[in-house]
2 protein chains.
Amino acid sequence: MSGIRALQKEKTRRQLIDAALGQLSSERSFSSLSLREVAKEAGLAPTSFYRHFSDMDELGLTLVDEAGLTLRQLMRQARQRIEKGGSVIQISVRTFMEFIENNGNIFRLLLRERSGTSPAFRAAVNREIRYFTLELCDYLQQANKLDAELAYLQANAAVTIVFSAGSDALDCDKKDLAALAQRTIKQLRFIARGAFEFSVRNDNLIELRKTKVKGVTK
Amino acid sequence: MSGIRALQKEKTRRQLIDAALGQLSSERSFSSLSLREVAKEAGLAPTSFYRHFSDMDELGLTLVDEAGLTLRQLMRQARQRIEKGGSVIQISVRTFMEFIENNGNIFRLLLRERSGTSPAFRAAVNREIRYFTLELCDYLQQANKLDAELAYLQANAAVTIVFSAGSDALDCDKKDLAALAQRTIKQLRFIARGAFEFSVRNDNLIELRKTKVKGVTK
DNA sequence: TAGAATAGCGTACATGTGTACACCGAAACA
DNA sequence: TGTTTCGGTGTACACATGTACGCTATTCTA
């Protein structure tokens, strides 16, 4: 395949996607974009839009997928940095903050559509965040030898905190970013520490039960 | 004052507010409401809208204020319950979940406009959440004898977690609500425990410094 | 009680929207 | 080579929106 035609089509499809992304800003949400605007920005006649997407919604879901991809790419980047040594939490937060500085509008898209009016959008965003959380959960489970439930709860809480910090970062003076990151790091440490304490307590309980059982069966 | 005229005006103003609130739903955001729709729902001619608000934005900000009020009312309710005894965290979460069940659309409004396209809206919502957080912070500071910074970090993290849980609750099957609440409670315990551990560590450091200083000055 | 103020109405208009339709030219295919 | 497919265009339409303007009826005020 790859015919000259399919190639061109793919190219203008990208133009549409980029046009949409390019119009997003702190004062412009995806749902406030019109088909006509996007087509115009992409240098297309309004009706040509339909050759690529049946709907603005379809375009939007594509954008969410794209955002999820960028997010997972981010994870990989963070893991690479971590393997080179350093505080896991610190590196993760720093990586995430960099992501937001470079991809503010994509992150905004996720934040907004997560609580938006389209069930499909909400589901798509939540799916991406779930992937993100589960990857972190796996990591915690094997790195910190945590119980599956505890690991999930910690991962979920951590992602929530970090996303919220990201949201704050979007509206933040640049000079306050470092302080925000520091606070976020401390909060993540609270969570990690708390989860660890609970894990220890659980282990003790298990030990207790074991000895009890031994005592009885003996 | 209170003339029959001012009274009537106040009444139809309320009708507009209620009309707007009434149109909000999981699939309808405030920003997707049109002036005409709201006026119609309130039983008014479109142009009469201007006798009460100069803008849909002005109406929106009024709604956010209203929501903040409801939120603080919620806090009071929770405090009353707490004074009657019981786990602070458990009662708070339960109260919040009840709030969301009864005021889903108001909560949605806050969630959405927090990441919305209007700087004024974002500021208004953040202000309400800040009040909420500071009240909790005060409580933690005196009830748990925490450092001001630690108390704030804990309060902020807790509010973030609870709001996020609230957001999940909005899209949740009713049967899963209890489990969600349980998970949230555990996460809040992580945070509380973590903050406590850090506080203890800090105190020890302070003790250490004190003895050091004593040793030197003696 | 006469005159001013004003909440609410209806009409009217310019503007932006999604999309149906017919058409064109170049690539794909037989 | 002749035919089909298809990405892109321009026109056209019905519709919803915000809001300017002038009018009316009722309340307020002097």
Side-chain angles (χ1 to χ4, degrees), chain A residues 1-25 27-63 112-113 116-121, chain B residues 1-25 27-63 112-113 116-121:
Chain A
M1 266 303 122
S2 102
I4 186 171
R5 198 168 206 156
L7 223 72
Q8 176 60 26
K9 179 164 187 181
E10 185 55 32
K11 192 175 156 194
T12 73
R13 186 185 141 98
R14 262 247 74 83
Q15 280 172 357
L16 280 171
I17 294 179
D18 291 341
L21 277 178
Q23 310 229 36
L24 293 182
S25 75
E27 321 211 320
R28 209 74 214 285
S29 72
F30 178 78
S31 52
S32 80
L33 294 183
S34 76
L35 183 153
R36 287 176 110 105
E37 280 176 306
V38 174
K40 190 176 192 177
E41 177 80 9
L44 279 185
T47 48
S48 300
F49 181 95
Y50 296 107
R51 303 291 184 199
H52 302 272
F53 302 97
S54 70
D55 236 9
M56 277 294 283
D57 276 15
E58 201 172 305
L59 208 198
L61 289 175
T62 307
L63 290 190
R112 284 173 176 156
E113 298 310 328
T117 53
S118 154
F121 273 46
Chain B
M1 265 302 123
S2 102
I4 186 171
R5 196 164 207 158
L7 223 73
Q8 175 60 25
K9 180 164 187 181
E10 187 53 34
K11 191 176 156 194
T12 74
R13 186 186 140 98
R14 262 249 73 83
Q15 279 173 357
L16 280 171
I17 293 178
D18 290 342
L21 277 177
Q23 310 230 32
L24 293 181
S25 75
E27 320 211 322
R28 210 74 214 286
S29 72
F30 178 78
S31 53
S32 79
L33 295 183
S34 75
L35 183 154
R36 287 176 111 104
E37 281 176 306
V38 174
K40 190 175 191 177
E41 178 80 10
L44 278 187
T47 48
S48 300
F49 181 95
Y50 296 108
R51 303 290 184 199
H52 303 271
F53 302 98
S54 70
D55 237 7
M56 276 295 281
D57 276 15
E58 202 172 304
L59 208 198
L61 289 174
T62 307
L63 290 190
R112 284 175 175 154
E113 298 311 328
T117 53
S118 153
F121 273 47

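Below, read A as the first sequence line, B as the second, and so on, with proteins coming before strands; counting in each chain starts at 1.
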Sorted by chain and number, sequence neighbours left out, side-chain contact (heavy atoms from CB on, under 4.5 Å) with B:Gln8 holds for B:Lys11, B:Thr12
A:Leu63 meets the side-chain contact (heavy atoms from CB on, under 4.5 Å) criterion, sequence neighbours left out, with A:Ile17, A:Ala20, A:Leu21, A:Phe30, A:Leu59, A:Leu109
Between P on C:dT6 and CG on B:Leu7, what's the gap in Å once rounded to a whole number?
17 Å
Taking side-chain hydrogen bond (donor to acceptor under 3.5 Å, both in side chains) as the definition, give me every residue that meets it alongside B:Ser31, ordered by chain and number, with sequence neighbours left out.
B:Ser29
Residue list, salt bridge (Lys or Arg N to Asp or Glu O under 4.0 Å) with B:Asp18, at least two apart or on another chain:
B:Arg14
Go through the structure and list residues passing side-chain hydrogen bond (donor to acceptor under 3.5 Å, both in side chains) with B:Arg28, not counting sequence neighbours.
B:Ser32, B:Glu37
Would you mind reading off the distance between A:Arg51 atom CZ and C:dA22 atom P, rounded to a whole angstrom?
13 Å
Atom pairs under 3.5 Å, N or O on each side, protein against nucleotides 2-5 of chain D: can you list them with distances?
unit_1, atom_1, unit_2, atom_2, d
D:dT5, O2, A:Arg5, NH1, 3.2
D:dT5, O2, A:Arg5, NH2, 3.2

Over how many whole Å does the gap from A:Lys40 atom NZ to C:dT15 atom P extend?
13 Å
Quick one: does B:Glu113's side chain get under 4.5 Å of B:Ser118's, heavy atoms only?
no
Which pairs of donor and acceptor atoms, one on a side chain in residues 39-50 of chain A, lie under 3.5 Å apart (sequence neighbours left out)?
none

Which whole-number value in Å describes the distance from B:Phe53 CZ to C:dA7 P?
13 Å
Here the distance between atom C1' of C:dT6 and atom NE2 of B:His52, to the nearest Å, is 11 Å
In whole angstroms, the gap separating P of C:dT6 from CD1 of B:Ile4 amounts to 17 Å
Sequence neighbours left out, what passes salt bridge (Lys or Arg N to Asp or Glu O under 4.0 Å) with B:Glu58? Give chain and number order.
none
Closest non-hydrogen contact found for B:Gln23 with B:Leu33 is CB-CD2, 3.7 Å
Minimum heavy-atom distance between A:Arg13 and A:Thr62, given as atom pair plus value:
NH2-CG2, 3.7 Å
So, for B:Pro119 and A:Glu27, which heavy atoms are closest and what is the spacing to 0.1 Å?
CG-OE2, 3.3 Å
Axis-to-axis angle between the two ends of the helix from C:dT1-D:dA30 to C:dA30-D:dT1 (five base pairs per end, rounded to 10 degrees)
10°
Taking DNA chain C as the partner, which of residues 9-18 of chain B come within under 4.0 angstrom of it by heavy atom?
B:Lys9, B:Thr12
Sugar-phosphate means primed atoms, P, OP1 and OP2; the rest is base. With that split, encode nucleotides 11-20 of chain D 5' to 3' as B, S or - using protein heavy atoms under 4.0 Å.
-B----BBBB
Separation of C:dG18 atom P from A:Leu44 atom CG, nearest Å, is 15 Å
Work out which heavy atom in A:Leu35 is nearest to a heavy atom in A:Met56; give both atom names and the distance.
CA-SD, 3.8 Å
Summary of salt bridge (charged side-chain N to carboxylate O under 4.0 Å, His left out) pairs that have at least one residue in residues 48-57 of chain A, sequence neighbours excluded:
none
